[in-house]
Number of protein chains: 2
Amino acid sequence: MPVSPRRGRPGYDREEVLEIAVRAFNEFGYDATSMGTLAERLGLSKSAVYHHFASKEQLLDAALDQGLGALEGVLTEAGAREGTPAARLRFVLDRAVHVLVERLPYVTLLLRLRGNTPVERAALERRREFDRAVTALVREAQDAGELRSDIDARVAERLLFGMINSIVEWYRPEGPEDAGALARDVLAVAADGLSL
Amino acid sequence: MPVSPRRGRPGYDREEVLEIAVRAFNEFGYDATSMGTLAERLGLSKSAVYHHFASKEQLLDAALDQGLGALEGVLTEAGAREGTPAARLRFVLDRAVHVLVERLPYVTLLLRLRGNTPVERAALERRREFDRAVTALVREAQDAGELRSDIDARVAERLLFGMINSIVEWYRPEGPEDAGALARDVLAVAADGLSL
DNA sequence: GTCTATAAAGAGATAGAC
DNA sequence: GTCTATCTCTTTATAGAC
């Protein structure tokens, strides 16, 4: 239920500008997207874009914060839960898939960072912290005997999130699969493999 | 055993220029890497770089061809083998991990493409063709009852190669794991999961 | 195989009017 | 909230000498 009625092109607020910018960043890559291209997409002049965000990098910063905030929220939720380490790990994987699908453009942008600027490096550091926390959870589950121990916890975490993160490369919300079915498939492969 | 003795800075051949260029592309991203940065890395002037490659895009083209050629070679080998579909699929996964590790910079570049130019789009199309072939193999294995059928073949292929491709984001040849151990872990997760 | 110098275009960003 | 005009810097690429 949008409060703002669908208006014509002009009259953007910050959030709308950001959403369209992130779409362009993902389509062309952040570096390959010029403020001119952005302005074109918005149907605005370049300086109108600068009215909403002081710089291209500030657009990036705002977008990355959305993706990171959502992922970090999953860890917060998981930490507040009862249950075995394995149960909490399953919760994290399941919720991470949902976050990826629900905030697809923002997480996509995050996952493609190179670390060229301080803003990017700060975001990469937050992401590494997320990975460290999940790795610790994997290790806990291994120590509790709830997860095979013949694979290094760091490698296991990276393969798990390699699988999950790759979803941003192909999942399209319009497609046949919904987030729940996708999460179920990811959990199934993570837990039992493909019986290959 | 290098035929060419380690010389000083100047006197590059095409291959050496390409190798150093690809390293820079992966470090900063292709679009964010200027010919000036490249020249700096090589200890050359910009126009010396243009002596070896007619354009930045030709550097990209040559690099992508190396990565794609190696991956396509895996399919060719697999097609020539005896054995069940599942055995050939395992072969493809195992060899793909080895290719990723052995041609890490070239495959890394390939996996980060956005498709902004004809050169990039052609490479993406070759990559999609690879994925289609692997998906067909997954489906064959499912039809033969050698692989669980409750997960769509396309989804299964994407999760498998999501896991494999993510290796380029963290694997470093200097590190503790060798390619063989890594391939074993990938196959283990793909086949039986983490017993989570 | 390398250099200096330079052309031509495009980038991010700002000034100031409406 | 948007515009036109402009500044300044960087970009890809070329010309032509050594």
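Note that these values count all heavy atoms, side chains included, but never hydrogens, waters or copies made by symmetry. Lettering of chains follows the sequences in order, A, B, ..., and the numbering in each one begins at 1.
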Determine all donor-acceptor pairs shorter than 3.5 Å in which one atom belongs to a side chain in residues 137-148 of chain B; sequence neighbours excluded.
| residue | atom | partner | partner atom | Å |
| --- | --- | --- | --- | --- |
| Glu140(B) | OE1 | Arg88(B) | NH2 | 3.1 |
| Gln142(B) | NE2 | Arg148(B) | O | 3.1 |
| Gln142(B) | NE2 | Ile151(B) | O | 2.8 |
| Glu146(B) | OE1 | Ala86(B) | N | 3.0 |
| Glu146(B) | OE2 | Thr84(B) | OG1 | 3.2 |
| Arg148(B) | NE | Asp150(B) | OD1 | 2.8 |
| Arg148(B) | NH1 | Gly193(A) | O | 3.0 |
| Arg148(B) | NH2 | Asp150(B) | OD2 | 2.9 |

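Phosphate contact (OP1/OP2 of dG1(D), side-chain N/O of His51(A), threshold under 4.0 Å): present. Contact annotation: Ser34(B) side-chain N/O to dT11(D) OP1/OP2 distance is under 4.0 Å. Of the side-chain N and O atoms in Ser45(A), none sit less than 4.0 angstrom from OP1 or OP2 of dT4(D).
Contacts of Ser149(B) classified as side chain to side chain donor-acceptor pair (under 3.5 Å), with partners at least two apart in sequence or in another chain: none. For Phe130(B), the side-chain contact (heavy atoms from CB on, under 4.5 Å) partners two or more places apart in sequence, or in a different chain, are Leu71(B), Leu75(B), Val134(B), Phe161(B). Ala191(B) pairs by the side-chain contact (heavy atoms from CB on, under 4.5 Å) definition with Leu196(A), not counting sequence neighbours. When the side chain to side chain donor-acceptor pair (under 3.5 Å) test is applied to Glu129(B), the partners found at least two apart in sequence or on another chain are Arg132(B). Considering only residues two or more places apart in sequence or on other chains, Ser47(A) meets the side-chain contact (heavy atoms from CB on, under 4.5 Å) condition with Ser45(A).
Put simply, OH on Tyr30(B) is 14 Å from P on dT11(D), counting in whole angstrom units. Atom pair Arg41(A):CZ and dT2(D):C1' shows a separation of 21 Å (rounding to whole Å applied). Summarising the geometry, the separation between CG on Asp31(A) and C1' on dT10(D) is reported as 14 Å, rounded to the nearest angstrom. Remark: P of dT10(D) and CD of Glu40(B) are 12 Å apart, rounded to the nearest angstrom. Atom NE2 in His52(B) sits about 16 Å away from atom P in dA13(D), given to the nearest Å. One interatomic measurement links the two molecules: CD of Gln58(B) to P of dT12(D), which rounds to 15 Å at whole-angstrom precision. For the pair Asn116(A) CG and dA11(C) P, the interatomic distance rounds to 18 Å; values are reported in whole Å. One atom, CZ of Phe53(A), and another, P of dG12(C), lie 15 Å apart when rounded to the nearest Å.
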One character per nucleotide, please: for nucleotides 13-18 of chain C, 5' to 3', B when the base has a protein heavy atom closer than 4.0 Å, S when only the sugar-phosphate does, - otherwise.
BBB---
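Under 4.0 Å is where a charged nitrogen must lie from a carboxylate oxygen, and between Arg41(A) and Glu27(A) at least one such pair does. The residues Arg184(A) and Glu177(A) are annotated as not salt-bridged, no charged nitrogen and carboxylate oxygen being separated by less than 4.0 angstrom.
Note on Thr33(A): only backbone sugar-phosphate atoms sit closer than 4.0 angstrom, heavy atoms only; bases stay farther off.
Within residues 20-27 of chain B, no residue is approached by DNA chain D to less than 4.0 Å at the level of any non-hydrogen atom.
Within the structure, the ring pair (Phe, Tyr, Trp, His ring centres under 6.0 Å) test picks out no pair touching residues 52-107 of chain B (sequence neighbours left out).
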